Amino acid sequence: MPGKRIITYLTVISFCLYYVGSGGVSKTEAKKLEPEKKYIVCTKAAGELEKMEEMYDKTEDINRNGENCLNDNHMISLQLTEDEADELAEESQIEFVEEDVCVRASINNEDEEIDRAGWHKKECTRIKKNQAEDEWNIRMINGDKVPQNRKMKKRVKIAILDSGIDYGNDIQLAETVTLVPGEDGMSPLFMDGTGHGNSVAGLIAAEDNDEGITGIAPNSEIYSYRVLDDDNCAPISRVVEAIYMAIDREVNIINMSFGVDVYSKALAQAVKDAEDAGILIIAAAGNTGKKGVQYPAALDEVMAVGSVDKNGDVAESSSVGKEIEIVAPGELVRSTGVLGDQLVSSGTSLAAPQVAGVAALIWEQDLNASADFVRALLNESANAYGNEEEYGNGLVDAKYAMEHYKEFKKSYKKNKNAKLKENTAKVLSFEDTGCVKGSWSKDDHEYAVPSQNRNVQKGARFPDTEHYKEIDFSSENKKYIYSGMTNNPWWHGHQSGNYVSAYIYETRLANQMKYPGYVAVPNGLTDSAKRGIDADLAHLKQHWSDKEVLNNASPTDGTKRAFIWGMAIHNLTDAFAHSAYAFDSTDKKWVHLVHNVKNAYHNNPVYACADDTTKFAERWQDARRAVYAAMCQYDKSAHPSGTYKEFRYVQDSSKYRLGNIYGYVAAVAGTTAASGFLNSSCSTK
């Protein structure tokens, strides 16, 4: 961000060289040359925050979807020099000042085995190859032996702080929010930037619907907070903001599958406040081996989860230390991916959510139970066959916990230090898990799986990110080239243009990347829309190597095709948000769903829900169906373009309509093709 005291490195070098010959620089001048870092400043009184903001540059690491939770807790993230940070720390009105370091997702790609000695001798039941319907890791923790309670009226609420979770991706979401800068309006269908969040959430709550994997606790209510960016990193200030948002939602469990090596007072305070609010906090121990458990897992209030492999042995990379509380499978674990994929990954990132899932199963029995009780039962029921600094209390065991639930609850009421008979059950071990490692990248900056649909997902997210600006010289304003409905309706399904013809044209241009040839312009596409799409893709072709695009100096033609197909799919699905209408029963008319109350019909907040997946939710279910239909076109061997038929799911609904859909389909394919589509021709005035 443009700061009040930012000086380029070139200027700094020139300045210093100039003064070498004239006796050096003054203390004031030297201070100005110091590099700035990001710091979290905590004040003793809320009123001091305004002074801080006036004196220093505030960072922009939390987007507008944040709820000012940092400020509510007397904290702010600022750009400071080291001297400024030291001076602030000495002032009486300041509680503490610390560097706003970044956490990183706890994903690992190593799968070595190691023998351990433990509390009791480990006995195994060896399985040659996992051919059961349940994943090997679920079987190892006996999650397949616990019947699901489908009659629950209230559900266990779990906040997942991660890289986001895609709406409708086999996981039912109560809320999905991104706090990453530049993503304020990210489509909920493509929220996960790396695949990490989907895989974590899938292990907890993927639905039991014969599609993909089934999570340990599919009846859970999931709250997703995207804090990790596309490098799977997040500043602590953003994590703290999300923790307080989860506290406000009164969740039962917080899962954090990331870590950092340094202690943070801000993070520790937020975690302590979450514990005081009755929340069970579970975090990945990290993949640093003998270097020790990372934060937040290392905090006393947090259950630190280590990782074991297919033999039940602690993974070589799994962080060890006295803070380890429990372990779960984490090496070559299959989970939910992007756009229907299943992904295989390794690390304590995948172990932690399995403990969270078992915790949810326990909590389902009585939502009035305390977090301390659930934590105690998890620990007491674990299979303790390894030494404490590597295995903690042992391997989490869903079956043993549920079988002894009533017994332990009765004892716990009398004595908070109640014990269970030691769990000495045989551990299932697997020669072949049925999971392969090959689908995961070893690149340190690309922890997520570059699966066959990974680049389509990148393209689908791209129009909602603010990366490239152009100057409108007539007004001397800068506008983003791809994002924004007003300037770029052809990428955002906006009814101001024929989004059906735009989608078809975009997929044809995408196919041309790999299969060169004449690209026919579909009927209904205006010259201005065609020029806009052509200009945007011409610009994009110059930026394939950019980190925000493909981060690849020489992407294949197939990769380019996938990315542009993703952009087209974004346009397809956005129509279900930005061109959707709902029926107003009072005035007996269809009204446009918008983003802001001030633009809504009669300023009614009911209609200010364009991107809200909980309002007129049928739209988003149909949008997800449209994604799968589009992917079927993408995957066909004949390489056809998209068609108007991908919009057909709106025909099944009586609860919403798409603006101008009849006219747009008719323009593309004729009135016979459009006959099944209902048109809404109402005004928002």
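The structure displayed is predicted, hence computed values, not measured ones.
- At distances below 3.5 Å, not a single donor-acceptor pair connects side-chain atoms of Thr288 with backbone N or O atoms of Ser319.
- Considering all non-hydrogen atoms of both residues, Ser349 and Ala284 come closest at N-CB, 3.9 Å.
- Taking the charged nitrogens against the carboxylate oxygens, Arg249 and Glu67 do have a contact shorter than 4.0 Å, which makes a salt bridge.
- Other residues, nucleotides and ligands place no more than 12 heavy atoms under 6.0 Å from the CD atom of Glu133.
- Side-chain contact between Ile254 and Ile282 is absent, with no heavy-atom pair separated by less than 4.5 Å.
- The backbone N or O of Gly286 lies less than 3.5 Å from a partner atom in the side chain of Thr348, making a donor-acceptor pair.
- Nearest heavy-atom pair, Pro296 versus Val302, reported as atom, atom and distance to 0.1 Å: O-CG2, 3.3 Å.
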Which side-chain N or O atoms in residues 623-630 pair as donor and acceptor under 3.5 Å with protein atoms at least two apart or in another chain?
| from | atom 1 | to | atom 2 | distance (Å) |
| --- | --- | --- | --- | --- |
| Arg624 | NH1 | Leu189 | O | 3.2 |
| Arg625 | NH1 | Asp622 | OD1 | 2.9 |
| Arg625 | NH2 | Asp652 | OD2 | 3.1 |

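- Under the 3.5 Å distance criterion, with hydrogens and angles disregarded, a donor-acceptor pair is assigned to the side chains of Asp397 and Asn423.
- The shortest non-hydrogen separation linking Ala610 to Ala577 is O-CB, 3.3 Å.
- Defined by atom type and a distance below 3.5 Å, a donor-acceptor pair is present between the side-chain atoms of Asp611 and His595.
- Between Ile326 and Met303, the closest side-chain pair of non-hydrogen atoms falls below 4.5 Å.
- Taking the side chain as every heavy atom from C-beta outward, Asp309 and Pro329 never approach each other to under 4.5 Å.
- Taking 4.5 Å as the limit, every side-chain heavy atom of Thr176 sits out of range of all side-chain heavy atoms of Tyr225.
- Between Ile243 and Met256 the shortest side-chain heavy-atom distance falls below 4.5 Å.
- Between Trp565 and Tyr634, the ring planes lie perpendicular to each other; the angle is over 60°, past the 30° to 60° tilted range.
- At least one donor-acceptor pair under 3.5 Å links the side chain of Asn65 to the backbone N or O of Asp184.
- A donor and an acceptor atom, one from each side chain of Tyr405 and Glu403, are nowhere located under 3.5 Å apart.
- Tyr400 and Asn383 share no donor-acceptor pair across their side chains, judged by distance under 3.5 Å alone.
- Here CZ of Phe462 is found 9.5 Å from CH2 of Trp491. Values are rounded to the nearest 0.5 Å.
- Proximity of a side-chain donor or acceptor of Ser318 to a complementary backbone N or O of Ser307 within less than 3.5 Å is detected.
- Here the side chain of Ser237 pairs no donor or acceptor atom with the backbone of Ser77 at under 3.5 angstrom.
- A side-chain donor-acceptor contact under 3.5 Å links Trp136 to the backbone of Leu332.
- Side-chain contact between Leu343 and Asn198 is absent, with no heavy-atom pair separated by less than 4.5 Å.
- For the pair Glu364 and Arg155, the salt-bridge criterion is not met [side-chain N within less than 4.0 Å of a carboxylate O].
- Between the side chain of His570 and the backbone N or O of Ala460, at least one donor-acceptor pair lies under 3.5 Å.
- A donor-acceptor pair shorter than 3.5 Å cannot be found between the side chains of Asn453 and Gln457.
- With 3.5 Å as the limit, one finds no donor-acceptor pair spanning the side chains of Thr336 and Asp170.
- The backbone N or O of Gly182 lies less than 3.5 Å from no partner atom in the side chain of Asn63, so there is not a single donor-acceptor pair.
- Inter-residue side-chain proximity for Leu593 and Tyr656 is flagged as unmet; no heavy-atom pair is nearer than 4.5 Å.
- Judged purely by atom type and a 3.5 angstrom limit, Arg238 has no side-chain atom pairing as donor or acceptor with the backbone of Ile62.
- Residues Ser370 and Asp372 have side chains that never bring a donor and an acceptor to within less than 3.5 angstrom of each other.
- Inspection of the His196 and Asn232 side chains reveals no N or O donor paired with an N or O acceptor under 3.5 Å.
- A salt bridge is defined here as a Lys NZ or Arg NE, NH1 or NH2 lying under 4.0 Å from an Asp or Glu carboxylate O, and Asp144 with Lys399 fails to meet this definition.
- A distance below 6.0 Å separates the ring centres of Phe408 and Phe373.
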Verdict with reasoning, Leu70 to Tyr244, per side chain to side chain contact (heavy atoms under 4.5 Å, CB included): CA-CA 8 Å; Leu70 269 180; Tyr244 282 114; 5.9 Å; no

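- With 3.5 Å as the limit, one finds a donor-acceptor pair spanning the side chains of Glu325 and Asn379.
- Ion pairing between Glu135 and Arg334 holds under the 4.0 Å rule for side-chain N and carboxylate O.
- Within the 4.5 Å cutoff, side-chain heavy atoms of Ile141 are placed close to those of Gln354.
- Atoms CG and CG, from Asn169 and Asp341 in turn, are 9.0 Å apart once rounded to the nearest 0.5 Å.
- Looking at Asp100, its side chain never comes within 3.5 Å of a backbone N or O of Ile40 through a donor-acceptor pair.
- Contact record, Ile204 with Ala356: CD1-CB, 4.0 Å, taken as the closest heavy-atom pair.
- Between Glu183 and Arg226, at least one side-chain N (NZ, or NE/NH1/NH2) sits under 4.0 Å from a carboxylate O, which counts as a salt bridge.
- Distance check: Asn68 CG to Met245 CE gives 10.0 Å after rounding to the nearest 0.5 Å.
- Summarising the geometry, atom OG belonging to Ser220 is positioned 11.0 Å from atom CG belonging to Asn255; distances are rounded to the nearest 0.5 Å.
- Ring to ring, Tyr581 and Phe616 are not that close: their centroids are 6.0 angstrom or more apart.
- When every heavy atom of Ala132 is checked against every heavy atom of Arg139, the shortest pair comes out as CB-NH1, 3.5 Å.
- In this structure, Ala268 and Tyr263 approach most closely via the heavy-atom pair CB-OH, 3.4 Å.
- Applying the 6.0 Å contact sphere to NZ of Lys409 captures more than 12 heavy atoms from other residues, nucleotides or ligands.
- Interatomic distance, Asp192 CG to Asp230 CG, rounded to the nearest 0.5 Å: 9.0 Å.
- Atom OG of Ser257 and atom CD1 of Ile160 lie 8.5 Å apart (nearest 0.5 Å).
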